[in-house]
Undergrad: 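Submitted below is the structure of interest, expressed as structure tokens.
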Amino acid sequence: MWKLKRTQTCGELRAEHAGKSVVLNGWVDARRNFGNLIFIDLRDRYGRTQVLFSPDRAAALVEQASKLGKEWVVAVRGVVRKRDADTVNAKIPTGEIEVDAVDLEIVNEAKTTPFEVTERINVAEEMRLQHRYLDLRRPTMQRNILTRSKIVHAMREHMDAQGFLDIETPYMVKFTPGGARNFLCPSRLYPGRFFALAESPQIFKQLFMVSGLDKYYQIARCFRDEDLRADRQLEFTQLDIEMSFVQREDVMNVIEGCVVHVWKKVGGVEVPRPFPVITYEESERLYGTDKPDLRFGMKIWDLTDAAPREFKVFGSVIEAGGVVRGLTATGCASWSRKQTDELETYVKGIGAKGLVTLKVEQPQAPPGSLGVLSADCVLAGSAAKFFAPPQAKAIIERAGAKPGDLLLLVADAEEKAASVLGGLRLLLRDKLGLVKPGTFQFCWVVDFPMFEVGEDGSVGAKHHPFTSPKDEFLDVLEKEPMKVKAKAYDLVLNGVELGGGSIRIHRRDVQQRIFKLLGLTEEYTRDRFGFLLDAFEYGAPPHGGIALGLDRVAMLLLGLDNIRDVITFPKTQSTVCLMTGAPGTVTEKQLKELHVRVVDG
RNA sequence: GGGGGUGUAGCUCAAUUGGUUAGAGCAUCGGAUUGUCGAUCCGAAGGUUGCGGGUUCGAGCCCCGUCACCCUCGCCA
């Protein structure tokens with residue numbers, strides 16, 4: 001079937017191997033035919049080696065070699081030959097040598113591939129996903145997979161060295177309400193009952209702490225039946241951690257150490273510690289998001305108290321308790337109407353009512369004229385006329401503006417204004433190229449609110465219902481729940497949420513108060529979480545933990561902008577696998593056995 | 001569910017205001033070629049313009065519907 005087994009890979013031969021007889025196995029990467037003289041580049045995941053078929057050494061092979069097609073799997077026996085100086089290929093590590101073939105075995109032929117297995121050519125992602133096994137043959141994808149493997153190894157190495165135990169938890173669990181939609185698996189033996197695929201190992205890892213296992217970690221798959229994004233898949237992988245007898249800083253220290261280790265070991269990048277810490281409130285106020293990109297400045301400023309109320313857009317919003325806030329686009333005063341319109345279209349798309357633009361210019365008129373602030377600074381734009389001198393002075397100061405800058409203002413309810421400006425800030429980051437590729441700016445966001453109000457007015461947990469409130473709020477939990485801060489923390493890198501965690505509740509009474517605040521009846525919580533509440537009564541230690549999105553870690557470390565490129569077989573945005581066609585149908589017999597009937601379809 | 005973008009040869013793209021037989025590069029196939037490494041040269045083949053309707057003398061282009069992929073809002077405790 002196949003006789004010539006490799007003695008070396010396609011990436012390891014060097015000048016020092018000259019004269020050695022070797023066998024290489026691999027895929028035909030390219031063929032260059034000169035009639036009597038034929039070159040083949042043989043590729044495997046370790047590299048590429050040039051094989052020579054010459055009439056001098058292997059006249060009988062030349063014709064056979066001339067028929068080799070791309071992506072055929074072949075085995076070649078030959079002698080390593082140091083190349084003449086003028087034929088060395090400096091671009092590849094094996095470029096100093098070539099293998100002078102004496103024997104050729106065609107192991108497997110290949111049809112013409114639907115796209116070329118090279119880096120040079122752009123291929124639609126759809127095509128790559130349909131033939132993922134070919135896409136994964138490309139060196140960049142192999143680099144991604146390799147890097148991911150190294151990351152996992154570095155994480156395990158670090159966690160193990162810190163004394164953490166690698167422990168598994170069930171994927172098939174009991175459905176628990178709240179949070180992400182679960183995938184359900186019908187039970188064959190119990191009609192009408194279902195397992196749920198775990199959306200995270202949360203409860204089990206807490207129970208490990210009750211068991212006294214003290215330091216747990218796992219690289220675990222999580223399943224969530226929610227809509228997809230560039231950085232979200234139905235199933236994804238987390239580095240999951242839980243520790244006993246710890247406070248917030250202990251958990252943050254461990255994960256910081258782990259991340260720094262990974263970045264150094266895999267990326268060769270020294271990340272300074274400790275990571276900056278910013279509160280949720282500050283992050284929302286200055287960056288308009290709970291996952292700030294700190295690679296560039298452009299903080300949001302507030303003009304509410306100094307905004308001209310005669311300008312109705314501002315006046316009516318302030319009247320209603322809203323805010324006027326803005327961003328300074330340095331050097332953008334020369335932007336055309338078309339360019340600023342684009343910004344307005346964008347902010348309207350994310351919920352803004354409008355965008356007020358003001359240009360800071362050198363005045364044409366003398367100081368003292370309408371709107372002219374000083375000899376060298378004047379506001380221009382349709383709203384400029386509403387700015388009396390003190391107000392103009394205020395906005396210039398708060399915006400830190402100078403002539404040539406463009407000021408972008410949004411007036412709205414506080415949360416809306418913040419999120420709109422937060423989005424606009426990122427748009428400007430990309431349009432203006434404000435960040436240098438290859439920079440990594442980590443930060444912690446802390447002091448999240450305990451609760452949030454949902455669309456229907458109901459109170460929900462911001463993090464999850466097992467998160468402990470900060471001690472100073474224990475007495476006012478019921479009185480002012482919306483003011484309660486949680487012992488929760490998120491790790492953010494370059495504006496992407498890498499992970500989050502919290503110190504947990506370890507007392508039954510506190511846990512029950514939280515459940516009650518969330519509107520869950522005692523009967524309901526007993527049914528769903530009884531085992532957890534029981535566990536808390538048998539000696540639960542204080543504990544806390546965190547989970548890091550491994551796919552996002554790999555994506556960011558590699559400088560990519562979607563996690564599909566670090567996942568071997570991802571789903572499309574519409575949650576299907578283009579290669580296998582999953583999800584697929586099953587037979588009536590299977591459905592019957594599972595006591596399931598399909599309706600409407 | 002909402003908004004935006006894309007869809008033309010195997011792949012990546014082009015095609016003036018709606019107007020001749022829809023072009024190019026790469027890949028493929030045939031031929032030439034003894035030092036290439038993105039080989040080169042000569043030649044050939046390759047099309048339901050995502051799909052379905054409509055407007056028009058005439059549609060890749062305009063209109064309606066639909067499908068797929070990507071980005072995004074909602075959603076993701």
Side-chain angles (χ1 to χ4, degrees), chain A residues 29-42 48-56 59 62 66-67 69-71 81 83-92 94-95 98 100 111-131 134 176-182 199-200 202 222-234 236 342 345-346 348-352 419-420 423 426-427 430 448 450-452 454-455 458-467 486 488 497 500 502 514 518 547 549 561-562 564 571-576 578:
Chain A
D29 192 54
R31 188 189 72 216
R32 291 176 294 279
N33 188 345
F34 289 82
N36 278 328
L37 192 66
I38 292 168
F39 298 101
I40 298 290
D41 288 337
L42 209 57
R48 208 155 46 105
T49 301
Q50 174 165 287
V51 177
L52 168 69
F53 294 89
S54 78
D56 311 336
V62 169
S66 76
K67 295 203 165 50
K70 286 188 183 181
E71 303 309 321
R81 210 180 72 85
R83 299 200 205 178
D84 296 338
D86 56 334
T87 60
V88 164
N89 182 359
K91 289 180 198 162
I92 56 173
T94 61
E98 63 195 356
D100 203 351
K111 291 206 298 185
T112 303
T113 52
F115 54 86
E116 293 174 64
V117 184
T118 72
E119 306 307 339
R120 295 198 344 264
I121 212 148
N122 290 339
V123 195
E125 194 174 7
E126 204 173 341
M127 195 58 55
R128 294 169 49 204
L129 292 177
Q130 245 174 60
H131 307 274
L134 291 179
T176 51
R181 226 172 263 124
N182 289 88
E199 57 184 86
S200 82
Q202 184 60 37
C222 303
F223 306 88
R224 297 182 186 174
D225 188 5
E226 296 292 343
D227 287 355
L228 269 35
R229 284 284 192 287
D231 58 359
R232 280 171 15 198
Q233 282 277 309
L234 295 183
F236 60 99
E342 259 179 56
T345 306
Y346 170 78
K348 280 183 174 167
I350 54 175
S419 69
V420 166
L426 297 183
L427 181 74
D430 298 335
F448 280 83
M450 191 73 187
F451 304 105
E452 62 188 355
E455 270 177 22
S458 66
V459 175
K462 176 101 183 167
H463 187 55
H464 58 53
F466 316 113
T467 302
E497 182 191 329
S502 62
I514 299 296
L518 291 170
D561 55 13
N562 82 72
R564 293 184 298 276
K571 312 272 184 289
T572 68
Q573 189 160 359
S574 41
T575 75
V576 302
L578 289 181

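The chains referred to below are lettered A, B, ... by the order of the sequence lines, with proteins before strands, and numbering in each begins at 1. Keep in mind the model is a prediction, meaning the values are calculated, not measured. Note: hydrogens, waters and symmetry copies are ignored here, and every other heavy atom, side chains too, is used.
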Undergrad: Closer than 3.5 angstrom, by distance alone: can the side chain of A:Arg224 be matched with the main-chain N or O of A:Glu199 as a donor-acceptor pair?
TA: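 Yes, because the side chain of A:Arg224 sits within donor-acceptor range (under 3.5 Å) of the backbone of A:Glu199.
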Undergrad: Which nucleotide in the set B:A68, B:A27, B:U12 lies at the smallest distance from any side-chain heavy atom of A:Glu116?
TA: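 Closest nucleotide among those given: B:A27.
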Undergrad: Counting only Watson-Crick pairs (N1-N3 plus N6-O4 or O6-N4) and G-U wobbles (N1-O2, O6-N3), all under 3.5 Å, who is the partner of B:G7?
TA: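 Its partner is B:C67 (Watson-Crick or G-U wobble, both distances under 3.5 Å).
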Undergrad: Please list, one pair per line, the donor and acceptor atoms closer than 3.5 Å that link side chains of residues 31-41 of chain A to other protein atoms, with sequence neighbours excluded.
TA:
unit_1, atom_1, unit_2, atom_2, d
A:Arg31, NH1, A:Ser66, O, 3.2
A:Arg31, NH1, A:Leu68, O, 2.4
A:Arg32, NH1, A:Asp41, OD2, 2.9
A:Arg32, NH2, A:Asp41, OD1, 3.0
A:Arg32, NH2, A:Asp41, OD2, 3.4
A:Arg32, NH2, A:Gln50, OE1, 2.9
A:Asn33, OD1, A:Gly35, N, 2.8
A:Asp41, OD2, A:Arg48, NH1, 3.3

Undergrad: Say you pick atom C1' in B:G31 and the same atom in B:U16; how far apart are they, in whole Å?
TA: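 Approximately 39 Å lies between the C1' atom of B:G31 and that of B:U16.
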Undergrad: Considering only atom C1', compute the distance from B:G47 to B:A14 and round it to an integer number of Å.
TA: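 15 Å, rounded to whole Å.
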Undergrad: Can you tell me how far C1' of B:C76 sits from NZ of A:Lys571, to the nearest Å?
TA: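 Value for this atom pair: 17 Å.
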Undergrad: How many whole angstroms separate atom CZ of A:Arg232 from atom P of B:C76?
TA: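 It works out to 9 Å between those atoms.
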Undergrad: Counting only Watson-Crick or G-U wobble pairs whose two distances fall under 3.5 Å, which nucleotide matches B:A24?
TA: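 Its partner is B:U12 (Watson-Crick or G-U wobble, both distances under 3.5 Å).
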Undergrad: Could you measure the distance from the OG1 atom of A:Thr49 to the CG atom of A:Asn89? Nearest 0.5 Å is fine.
TA: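 One finds 11.0 Å between OG1 of A:Thr49 and CG of A:Asn89.
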Undergrad: Whether A:Gln573 contacts B:C71 is assessed here as follows: a side-chain N or O lying under 4.0 Å from the phosphate OP1 or OP2. Is that the case?
TA: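 Yes, within the criterion.
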Undergrad: Given B:C11, B:U12, B:U34, identify the nucleotide with an atom nearest to the side chain of A:Phe115.
TA: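 Selected nucleotide (nearest to the side chain): B:C11.
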Undergrad: Which listed nucleotide (B:A27, B:C70, B:G10) is nearest to the side chain of A:Thr572?
TA: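 Nearest nucleotide to the side chain: B:C70.
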Undergrad: Answer yes or no: is there a donor N or O on one side and an acceptor on the other, between the side chain of A:Glu226 and the main chain of A:Arg181, under 3.5 Å?
TA: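 Yes; at least one donor-acceptor contact below 3.5 Å.
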Undergrad: Between the side-chain atoms of A:Arg83 and the base atoms of B:U36, is any donor-acceptor pair under 3.5 Å?
TA: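 Present.
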Undergrad: With heavy atoms under 4.0 Å as the rule, sort A:Leu52 into base, sugar-phosphate or nothing.
TA: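 A:Leu52: base contact, heavy atoms under 4.0 Å.
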Undergrad: If you check every side-chain atom of A:Arg32, which of B:U36, B:G74, B:C11 has the closest atom?
TA: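 For the A:Arg32 side chain, the nearest candidate turns out to be B:U36.
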Undergrad: Please tell me which of A:Ser54 and A:Ala461 maps to the more 5' nucleotide of RNA chain B, matching each residue to the nucleotide holding its nearest heavy atom.
TA: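 Looking at the nearest nucleotide for each, A:Ser54 comes out on the 5' side.
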Undergrad: What is the distance, rounded to the nearest whole Å, between atom CG of A:Asp41 and atom P of B:G38?
TA: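 Nearest whole value for this atom pair: 8 Å.
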Undergrad: Distance check, P atoms only: B:U34 and B:A45, in whole angstrom units.
TA: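 The answer is 28 Å between these two P atoms.
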Undergrad: Sticking with atom C1', work out how far B:C61 lies from B:G19, rounded to a whole angstrom.
TA: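 Roughly 11 Å separates the two C1' atoms.
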Undergrad: What is the nucleic acid contact for A:Asp227, judged by heavy atoms within less than 4.0 Å: base, sugar-phosphate only, or nothing?
TA: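 Contact class for A:Asp227: base.
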Undergrad: Of the options B:A27, B:C75, B:G74, whose atoms approach the side-chain atoms of A:Lys70 most closely?
TA: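 Ranking B:A27, B:C75, B:G74 by closest atom to the A:Lys70 side chain puts B:A27 first.
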Undergrad: Have a look at A:Glu98 and say if it touches a base, only the backbone sugar-phosphate, or nothing, with a 4.0 Å heavy-atom cut-off.
TA: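 A:Glu98: base contact, heavy atoms under 4.0 Å.
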Undergrad: Answer with base, sugar-phosphate or nothing: what part of the nucleic acid does A:Val576 contact at a heavy-atom distance below 4.0 Å?
TA: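 Sugar-phosphate only.
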Undergrad: Distance check, P atoms only: B:C70 and B:G30, in whole angstrom units.
TA: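 Roughly 37 Å separates the two P atoms.
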Undergrad: Nearest to the side chain of A:Arg564 - B:C70, B:C26, B:G35?
TA: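 Of all the options, the side chain of A:Arg564 is nearest to B:C70.
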Undergrad: May I have the distance from A:Glu125 (atom CD) to B:U12 (atom C1'), rounded to whole angstrom?
TA: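 In whole Å, B:U12 C1' and A:Glu125 CD are 16 Å from each other.
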Undergrad: In Å and rounded to the nearest 0.5 Å, what is the NE2 to CD1 distance from A:His464 to A:Ile514?
TA: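 Answer for the NE2-CD1 pair, A:His464 versus A:Ile514, is 12.0 Å.
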Undergrad: Nearest to the side chain of A:Lys91, which nucleotide is it out of B:G38, B:A27, B:U36?
TA: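 Nearest to the side-chain atoms of A:Lys91, counting from C-beta on, is B:G38.
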Undergrad: Rounded to the nearest 0.5 Å, what separation is found between the OG1 atom of A:Thr467 and the CZ atom of A:Phe451?
TA: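 If I round to the nearest 0.5 Å, the distance is 9.5 Å.
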Undergrad: Run A:Lys70 and A:Thr113 through side-chain contact (heavy atoms from CB on, under 4.5 Å) and show every step you take.
TA: CA-CA 8 Å; A:Lys70 286 188 183 181; A:Thr113 52; over 6 Å; no
Undergrad: Round to the nearest Å and state the distance from A:Phe34 atom CZ to B:A32 atom C1'.
TA: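 Going from CZ in A:Phe34 over to C1' in B:A32 covers 12 Å.
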Undergrad: State whether the distance check finds a donor on one side and an acceptor on the other, under 3.5 Å, for side chain A:Arg229 versus base B:C70.
TA: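 Flag unset: no donor-acceptor pair detected.
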Undergrad: Among B:C37, B:C76, B:G35, which nucleotide has an atom closest to any side-chain atom of A:Leu37?
TA: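 Shortest atom-to-atom distance from the side chain points to B:G35.
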Undergrad: Going by purine N1 to pyrimidine N3 plus the second Watson-Crick contact, or the G-U wobble pair, all under 3.5 Å, which nucleotide sits opposite B:U17?
TA: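 Its partner: none found.
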Undergrad: B:G60 and B:G7: how far apart are their P atoms, nearest whole angstrom?
TA: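 My reading of the P atoms in B:G60 and B:G7 gives 15 Å.
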Undergrad: Nearest-Å distance, CG (A:Asn89) to P (B:G38)?
TA: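 A:Asn89 atom CG is separated from B:G38 atom P by 6 Å.
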Undergrad: Give me the distance, rounded to whole Å, that separates B:C76 from B:G54 when you measure between the P atoms they each carry.
TA: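 To the nearest whole Å, 45 Å.
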Undergrad: Roughly, in whole Å, what's the span from CD in A:Glu126 to C1' in B:U8?
TA: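 Nearest whole value for this atom pair: 15 Å.
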Undergrad: Regarding A:Pro177, tell me which of base, sugar-phosphate or nothing describes its non-hydrogen contacts under 4.0 Å with the strands shown.
TA: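 If one applies the 4.0 Å heavy-atom cut-off, A:Pro177 turns out to touch nothing in the nucleic acid.
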Undergrad: Measure the distance from CG on A:Asp100 to P on B:U36 and round it to the nearest whole Å.
TA: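 These atoms are roughly 16 Å apart.
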Undergrad: How many angstroms lie between CZ in A:Phe448 and NZ in A:Lys462, if you round to the nearest 0.5 Å?
TA: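 Answer for the CZ-NZ pair, A:Phe448 versus A:Lys462, is 7.0 Å.
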Undergrad: Can you tell me how far C1' in B:C69 sits from the matching atom in B:G25, rounded to whole Å?
TA: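 That atom pair is separated by 24 Å.
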Undergrad: Under 4.0 angstrom, heavy atoms only, what part of the nucleic acid is A:Glu199 near: base, sugar-phosphate, or nothing?
TA: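 Answer is base: heavy atoms of A:Glu199 come under 4.0 Å of a base.
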Undergrad: Searching all strands shown, indicate the nucleotide that pairs with B:A59 (Watson-Crick or G-U wobble; both distances under 3.5 Å).
TA: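 Because no pair has both required distances under 3.5 Å, B:A59 counts as unpaired.
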Undergrad: Which nucleotide, if any, forms a Watson-Crick or G-U wobble pair with B:C29, using both distances under 3.5 Å?
TA: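 Pairing partner, where one exists within any strand: B:G43.
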Undergrad: Got a second to check how far A:Asn182's CG is from A:Asp225's CG, nearest 0.5 Å?
TA: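 If I round to the nearest 0.5 Å, the distance is 8.5 Å.
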Undergrad: Find the distance between CD (A:Gln233) and CD (A:Gln573) and round it off to the nearest 0.5 Å.
TA: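 Separation between the atoms: 10.0 Å.
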Undergrad: Any chance you could lay out the side-chain contact (heavy atoms from CB on, under 4.5 Å) test for A:Ser419 and A:Ile350, step after step, and finish with the verdict?
TA: CA-CA 8 Å; A:Ser419 69; A:Ile350 54 175; over 6 Å; no
Undergrad: Let's test this: given Watson-Crick or G-U wobble pairing with both distances under 3.5 Å, identify the partner of B:U36.
TA: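 Partner of B:U36: none found under 3.5 Å.
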Undergrad: Just checking A:Thr118: base, sugar-phosphate only, or nothing, at a heavy-atom cut-off of under 4.0 Å?
TA: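 Here A:Thr118 touches no strand at all.
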Undergrad: Give the B/S/- string for nucleotides 40-45 of chain B, one per nucleotide from 5' to 3', where a protein heavy atom under 4.0 Å of the base yields B, of only the sugar-phosphate yields S, and otherwise -.
TA: ------
Undergrad: What's A:Pro465 touching, base or sugar-phosphate or nothing? Going by heavy atoms closer than 4.0 Å.
TA: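 Contact class for A:Pro465: base.
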